[in-house]
Amino acid sequence: MGDYKDVLKRLALYRKHLGLTQNELASKAGINQVVYSYIEKGHVLISGRLLIKFDSIGLSVDSLISGKTYGYKACDLDTAMNSIAADRIKDFTLKLLTEIMVSEFNKNSAVLSDNFLLLKALCNSWNDFSMLRFVRSRLKLNQIDMAEYLGLSIKKYRALERENIYPDAEMLLYLYNISHYQPALFMNMPDRKFQIIKSVWENFSPEKRVILLECVASIKNCIEGL
């Protein structure tokens, strides 16, 4: 189980690894040095908004919270998706790819991994997907019980589940500890859907991956030809 003190140690370590002073990192993050100093000492929590800002300047949310990196082996899929320029086409292609992967996995696997269950939940709710709602469903709790479980008011919990606000670093660490899912998935970063897809990509055989890549190319060519 991770401890918030470990998050703060990693924050200081990664800052130094980037060769930044507290004042320089504070400036990049859009806060003043005094506030940053309080954060690094643990007197002020790292907010969800600041976590996302840190991630954008090289202080990975995943590394800060879990001490781990999540490098999924999906170079061929990365290449295929990077060839699609328009965001709306990329999103539509990812959605169809997800539906194909879920259908194929349902037919050929008796045991469903945690990451596949996550992919299936994403497929079923796509634009309305909530990582916190998914974790709550796995724990078989209603919103009121989940709010109590996390020590939150029901109003704040509902805002978190709807992703109108993001968890601070201490809450995100707790969510990681109870779920063991990639911390950044709770923050709805722009590549979240793609990260979830890539987390199960290696579960398919090389032959199946070739077919899935052909599906991506066909979807892309069909849409771009309209």
Residues two or more places apart in sequence or in another chain: which of them pass ring-ring contact (aromatic ring centres under 6.0 Å, His included) with Tyr166? none

side-chain contact (heavy atoms from CB on, under 4.5 Å) between Met189 and Val61, intermediate numbers included: CA-CA 10 Å; Met189 304 260 190; Val61 165; 3.5 Å; yes

Could you grab the distance from atom CZ of Phe54 to atom CG of Leu11, nearest 0.5 Å is fine? 5.0 Å

Compare all side-chain heavy atoms of Glu170 with those of Tyr174 and state whether any distance is below 4.5 angstrom. no

Using the salt bridge (Lys or Arg N to Asp or Glu O under 4.0 Å) rule, collect all pairs that involve residues 61-75, keeping only residues at least two apart or in two chains. none

Salt bridge (Lys or Arg N to Asp or Glu O under 4.0 Å): pairs with one or both residues in residues 136-145, sequence neighbours excluded: Asp114-Arg138, Arg136-Glu161

More than 12 non-hydrogen atoms from neighbouring residues, nucleotides or ligands closer than 6.0 Å to CZ on Phe92, yes or no? no

Which heavy atom of Ser60 sits nearest a heavy atom of Asp55, and at what distance? CA-OD1, 3.4 Å

Closest non-hydrogen atom pair between Pro167 and Leu160, with its separation: N-CD2, 3.5 Å

Note: Leu172 and Met187 closest approach over all heavy atoms is CD2-SD, 3.9 Å

Other residues, nucleotides and ligands only: do more than 12 of their heavy atoms fall within 6.0 Å of CD1 on Ile144? no

I'd like a table of donor-acceptor pairs (distance under 3.5 Å, sequence neighbours excluded) in which one partner is a side-chain atom from residues 207-216, with atom names and distances.
{"residue": "Glu207", "atom": "OE1", "partner": "Ser205", "partner atom": "OG", "Å": "3.4"}
{"residue": "Lys208", "atom": "NZ", "partner": "Glu104", "partner atom": "OE2", "Å": "2.8"}
{"residue": "Arg209", "atom": "NH1", "partner": "Phe204", "partner atom": "O", "Å": "2.5"}

Nearest heavy-atom neighbours spanning Ile65 and Arg10: O-NH2, 2.8 Å

Evaluate the side-chain proximity of Gln182 to Ile196: yes if any heavy-atom separation is below 4.5 Å, no if none is. no

Ring centroid separation Tyr181 to Phe134 under 6.0 Å: yes

Tell me if a side-chain donor or acceptor on Asn203 pairs with a main-chain N or O of Val200 at a distance below 3.5 Å. yes

Which pairs count as salt bridge (Lys or Arg N to Asp or Glu O under 4.0 Å) when at least one residue sits in residues 177-205, sequence neighbours excluded? Asp78-Lys198, Asp91-Lys193, Glu163-Arg192

Quick check: do Ser137 and Arg133 have side-chain heavy atoms less than 4.5 Å from each other? no

Please check if atom CG in Asn127 has more than 12 non-hydrogen atoms from other residues, nucleotides or ligands closer than 6.0 Å. yes

Point-to-point distance, once rounded to the nearest 0.5 Å, from CG of Leu150 to CE of Met171: 5.0 Å

According to a hydrophobic-cluster definition based on side-chain heavy atoms being under 4.5 Å apart (Ile, Leu, Val, Met, Phe, Trp, Tyr only), do Leu45 and Val35 belong together? yes

Considering non-hydrogen atoms only, spot the tightest contact between Cys123 and Val102 and give its length. CB-CG2, 4.0 Å

The complete set of salt bridge (Lys or Arg N to Asp or Glu O under 4.0 Å) pairs with one or both residues in residues 21-49, sequence neighbours excluded, reads Arg15-Glu40

Between Val135 and Ser179, what is the shortest heavy-atom contact and its length? CG2-CB, 4.0 Å

About how many Å separate CG of Leu122 and NZ of Lys95, when rounded to the nearest 0.5 Å? 9.0 Å

Rounded to the nearest 0.5 Å, how far apart are CZ of Phe194 and OH of Tyr72? 12.0 Å

Measure the spacing between NZ of Lys9 and CG of Asp6 and express it to the nearest 0.5 Å. 5.5 Å

Looking at side-chain heavy atoms only, is the closest gap between Cys75 and Trp201 below 4.5 Å? no

